[in-house]
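First comes the structure, then the notes that go with it.
Nothing here was measured: the structure is a model prediction, and the numbers come from that model. Each chain gets a letter, A, B and so on, in the order the sequences are listed, and its residues count up from 1.
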Amino acid sequence: MHDVAPDLLGCPLLVDGVGGPIVEVEAYDADDPASHGFRGPTARNRAMFGPPGHAYVYRSYGVHWCLNLVCSETGRPEAVLVRALKPEFRLDRMRERRGGVPDRQLCAGPGRLCEALGITGEDDGRPLDRPPFEILAAEEAVEITTGPRVGITRAADRPWRYAVVRSRYLSRRL
DNA sequence: CAGTGGATGCTCT
DNA sequence: GAGCATCCACTGT
C-alpha cells in the first residue's frame, strides 16, 4: 500500500467529470493505531475491509466528508486518504460548491476536496472505476516527497504523507 | 503572519 | 461521555 500511495500522485481523480490530478495523500495500514481499521471492522469502516478499488467515505468532526481509496490487496484494512488535488477539470462546478474561495484552496484539504467534488456518504463503498468516479493515468511524472501525517495523535510521526514537490495546491507545506 | 477555539454529529469505550 | 484522518473565523502581533 505504501507502493500504491506515491503512484496515485499525478493521477487525475474525477467525480462526474469534476476534479484534477492528485497532489497529496496519506497512507493508513492495518497495523496503524491511527487507522480507522486498526480495531477491526465496524459499521463505519466496513468499506476498508472490502475489495480494493472502492471508496471509503466518512464524516469528520461532524461537519466534513473525507475520501479514502481502499487498496487492501490481502483483505486487511489498507487505504489512502486523498488530501488534496489540483483543480483542473470543470472549475466552474468547484467554485460554485466552495463559495468563492481562491482557486488554490478549492481542493486543499480532505474536507474541502469532498465539498468541491460533491462527495458524500452516498459514495461510501462505491467502485472507483465506474461512474461517477474515474481515475486516469498520470499525465506526467511528478517529483514526490514525504512527511508526517496531519491531524492525528497516535503514530503521528510516521512519515506516511506523500505529496508532489512544490505543488501550490497542497493542504499544508511539508 | 501565528495561535486559539467553536461548530457539529457520529463512533466507539 | 470522550474523542475525533477538519475547517473557518477571530484574535493579537
Side-chain angles (χ1 to χ4, degrees), chain A residues 1-2 4-9 13 15 18-19 22-50 52-72 76-87 93-126 128 133 135 144-164 167-174:
Chain A
M1 192 255 330
H2 294 290
V4 177
D7 286 349
L8 285 167
L9 297 179
L13 165 68
V15 181
V18 181
I22 297 171
V23 298
E24 180 183 346
V25 300
E26 282 178 1
Y28 289 87
D29 78 17
D31 302 313
D32 181 356
S35 170
H36 290 174
F38 182 65
R39 300 172 191 275
T42 66
R44 174 178 64 163
N45 67 20
R46 64 183 151 53
M48 279 189 95
F49 291 81
H54 289 241
Y56 164 44
V57 181
Y58 69 94
R59 198 190 276 285
S60 173
Y61 291 88
V63 184
H64 305 101
W65 296 104
C66 293
L67 170 69
N68 288 254
L69 311 184
V70 176
C71 52
S72 46
R76 292 155 57 87
E78 297 183 347
V80 173
L81 172 68
V82 185
R83 288 194 56 87
L85 60 76
K86 173 186 176 185
R93 286 298 283 125
M94 300 195 223
R95 293 187 184 121
E96 199 175 299
R97 287 168 171 153
R98 293 274 300 130
V101 302
D103 283 358
R104 62 186 307 167
Q105 288 176 28
L106 284 175
C107 301
R112 293 164 169 176
L113 184 152
C114 283
E115 185 172 35
L117 271 57
I119 296 167
T120 70
E122 298 277 302
D123 299 303
D124 186 40
R126 284 188 175 159
L128 297 166
F133 287 104
I135 297 178
I144 295 168
T145 187
T146 65
R149 294 177 292 180
V150 176
I152 57 175
T153 54
R154 293 184 298 231
D157 55 335
R158 296 187 190 183
W160 293 350
R161 176 169 175 236
Y162 299 84
V164 173
S167 168
R168 57 188 283 258
Y169 299 99
L170 303 180
S171 67
R172 299 187 180 187
R173 278 284 182 201
L174 285 172

| query | Across the strands shown, which category fits A:Arg98 at heavy-atom distances under 4.0 angstrom: base, sugar-phosphate, nothing? | reply |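 Sugar-phosphate, backbone atoms only, no base.
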| message | Taking side chain to side chain donor-acceptor pair (under 3.5 Å) as the cut-off, I'd like each qualifying pair that reaches into residues 37-48 of chain A, sequence neighbours left out, listed once. | response |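 The answer is A:Thr42-A:Asn45.
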| Dot-bracket encoding per residue of DNA chain B, Watson-Crick/G-U cut-off under 3.5 Å, | denoting interstrand | |||||||.||||.
Polar-atom pairs under 3.5 Å, protein N or O versus N or O of nucleotides 11-13 of chain B: list them with distances, or write none.
unit_1, atom_1, unit_2, atom_2, d
B:dC12, OP1, A:Thr42, OG1, 2.2

| In B/S/- notation, 5' to 3', how is nucleotides 1-9 of chain B contacted by protein heavy atoms closer than 4.0 Å? | -------BB
Residue pair [X] / [Y], side-chain heavy-atom distance below 4.5 Å:
X        : Y        : answer
A:Arg161 : A:Leu174 : yes
A:Leu106 : A:Arg95  : yes
A:Asp123 : A:Leu67  : no
A:Val164 : A:Tyr169 : no
A:Cys107 : A:Arg112 : no
A:Glu26  : A:Pro110 : no
A:Arg149 : A:Asp32  : yes
A:Tyr28  : A:Ile152 : yes

| said: What is the first contacted nucleotide of DNA chain C and what is the last, in 5' to 3' order, if contact means an atom lying under 4.0 angstrom from a heavy atom of chain A? | reply: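 Listing 5' to 3', DNA chain C meets chain A from C:dC4 to C:dC8.
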| So A:Leu69 and A:Val4, side-chain contact (heavy atoms from CB on, under 4.5 Å) or not? Walk me through it. | CA-CA 10 Å; A:Leu69 311 184; A:Val4 177; over 6 Å; no
| field | Residue pair A:Tyr162, A:Val80: steps toward the side-chain contact (heavy atoms from CB on, under 4.5 Å) verdict | value | CA-CA 10 Å; A:Tyr162 299 84; A:Val80 173; over 6 Å; no
| task | Assign each of A:Ala108 and A:Thr153 to its nearest nucleotide of DNA chain C by heavy atoms, then name whichever residue's nucleotide is nearer the 5' end. | result |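 With A:Ala108 and A:Thr153 compared, the 5'-side residue is A:Thr153.
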| request: Starting from the 5' end of DNA chain C, give me the residue, A:Ile152 or A:Gln105, whose nearest nucleotide shows up first. | output: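 This one resolves to A:Ile152.
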| task | List the atom of A:Ser171, the atom of A:Arg83, and the distance in Å for their closest heavy-atom pair. | result |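 Here A:Ser171 and A:Arg83 meet closest at OG-NH2, 3.1 Å.
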Show me the donor-acceptor pairs within less than 3.5 Å that the side chains of residues 55-65 of chain A make with the rest of the protein, sequence neighbours left out.
unit_1, atom_1, unit_2, atom_2, d
A:Tyr56, OH, A:His36, ND1, 2.8

